[in-house]
Amino acid sequence: QVQLVESGGGLVQAGGSLELSCRSSAPTFSSYSIGWFRQAPGLEREFVALISWRPGSTYYADSVKGRFTISRDNGKNTVYLQMTNLKPEDTAVYYCSADSDGRLGFNEDDYWGHGTQVTVSS
C-alpha cells in the first residue's frame, strides 16, 4: 500500500504563493508518476500538474501553466507543487496521486492522499 500525505495548504491573498508537498514512505515512490489534482466545492475534480517517473517529463493544465511548477525529490520521497500568482479560482482541496500501474488514469485504482486545502482570498 502506498500512502500519500499532502501538506502546505493554507490561506493566502491573491497574487501570493504557496508550496504544497506530497510525501510518501513507500520505497518505490521514485517509480511512480505523480499527479496533482484539485476539487472546488460543487465542481468536478480537475487535473493540475503531472511529473513523470521518467526524468524531465512534466505537464500542466492550461489554467496553471506559467504559474505552477511541479518537481520531485526522490531522495525525500516528496513531490512539490510550487504555486505562484495565486488567484481566487485556485481555491480548492489539492490532492496528489501516484500512478500505480503506469496507465496515467489517476482513478480509484491509483493511490491518493486526503488532500490539503488552499484558499485564495481577493
Q | Contacts of type salt bridge (Lys or Arg N to Asp or Glu O under 4.0 Å), residue Asp62, not counting sequence neighbours | A | Lys65
Q. At what distance, to the nearest 0.5 angstrom, does OG of Ser30 lie from CZ of Arg72?
A. 7.0 Å
(Q) Suppose we screen for side chain to side chain contact (heavy atoms under 4.5 Å, CB included). Which residues come up paired with Ser57, at least two apart in sequence or across chains? (A) Ser52, Arg54
Q.
Please check: side-chain N/O of Asp99 versus main-chain N/O of Ile34, any donor-acceptor pairing under 3.5 Å?
A. no
Q: Could you walk me through whether Trp36 and Cys22 pass side chain to side chain contact (heavy atoms under 4.5 Å, CB included), step by step?
A: CA-CA 9 Å; Trp36 281 100; Cys22 173; 3.6 Å; yes
Q. By side chain to side chain contact (heavy atoms under 4.5 Å, CB included), which residues pair with Phe47, not counting sequence neighbours?
A. Phe37, Leu50, Tyr59, Ala61
(Q) Run the salt bridge (Lys or Arg N to Asp or Glu O under 4.0 Å) test against Glu19 and tell me which residues pass, sequence neighbours left out. (A) none
Q) Atom CZ in Arg38, atom CG in Leu43: separation rounded to 0.5 Å? A) 10.0 Å
Q.
Please enumerate all residues that pass side chain to side chain donor-acceptor pair (under 3.5 Å) together with Asp109, with sequence neighbours excluded.
A. none
Q) About how many Å separate CZ of Phe68 and OG1 of Thr58, when rounded to the nearest 0.5 Å? A) 14.5 Å
(Q) Looking at Gln13, I'd like to know if its CD atom is crowded, meaning that more than 12 non-hydrogen atoms belonging to other residues, nucleotides or ligands lie closer than 6.0 Å. (A) no
Q: Only pairs at least two apart or in different chains count here, so list each side chain to side chain donor-acceptor pair (under 3.5 Å) that has a residue in residues 111-122.
A: Gln117-Thr119
Q) Can you pull the side chain to side chain donor-acceptor pair (under 3.5 Å) pairs that have at least one residue in residues 76-87, sequence neighbours excluded? A) none
(Q) Pair Val118, Met83 - check side chain to side chain contact (heavy atoms under 4.5 Å, CB included), show working. (A) CA-CA 10 Å; Val118 172; Met83 307 184 296; 3.9 Å; yes
Q. For Ser24, which residues count as a side chain to side chain contact (heavy atoms under 4.5 Å, CB included) partner, sequence neighbours excluded?
A. Val2, Leu4, Ala26, Phe29
Q | Under the side chain to side chain donor-acceptor pair (under 3.5 Å) test, residues paired with Gln39 that sit two or more places apart | A | none
Q) Residues two or more places apart in sequence or in another chain: which of them pass side chain to side chain donor-acceptor pair (under 3.5 Å) with Ser7? A) Arg23
Q | Partner residues of Asn107 under the side chain to side chain donor-acceptor pair (under 3.5 Å) criterion, sequence neighbours left out | A | none
Q. What residues form a salt bridge (Lys or Arg N to Asp or Glu O under 4.0 Å) with Arg67, not counting sequence neighbours?
A. Asp90
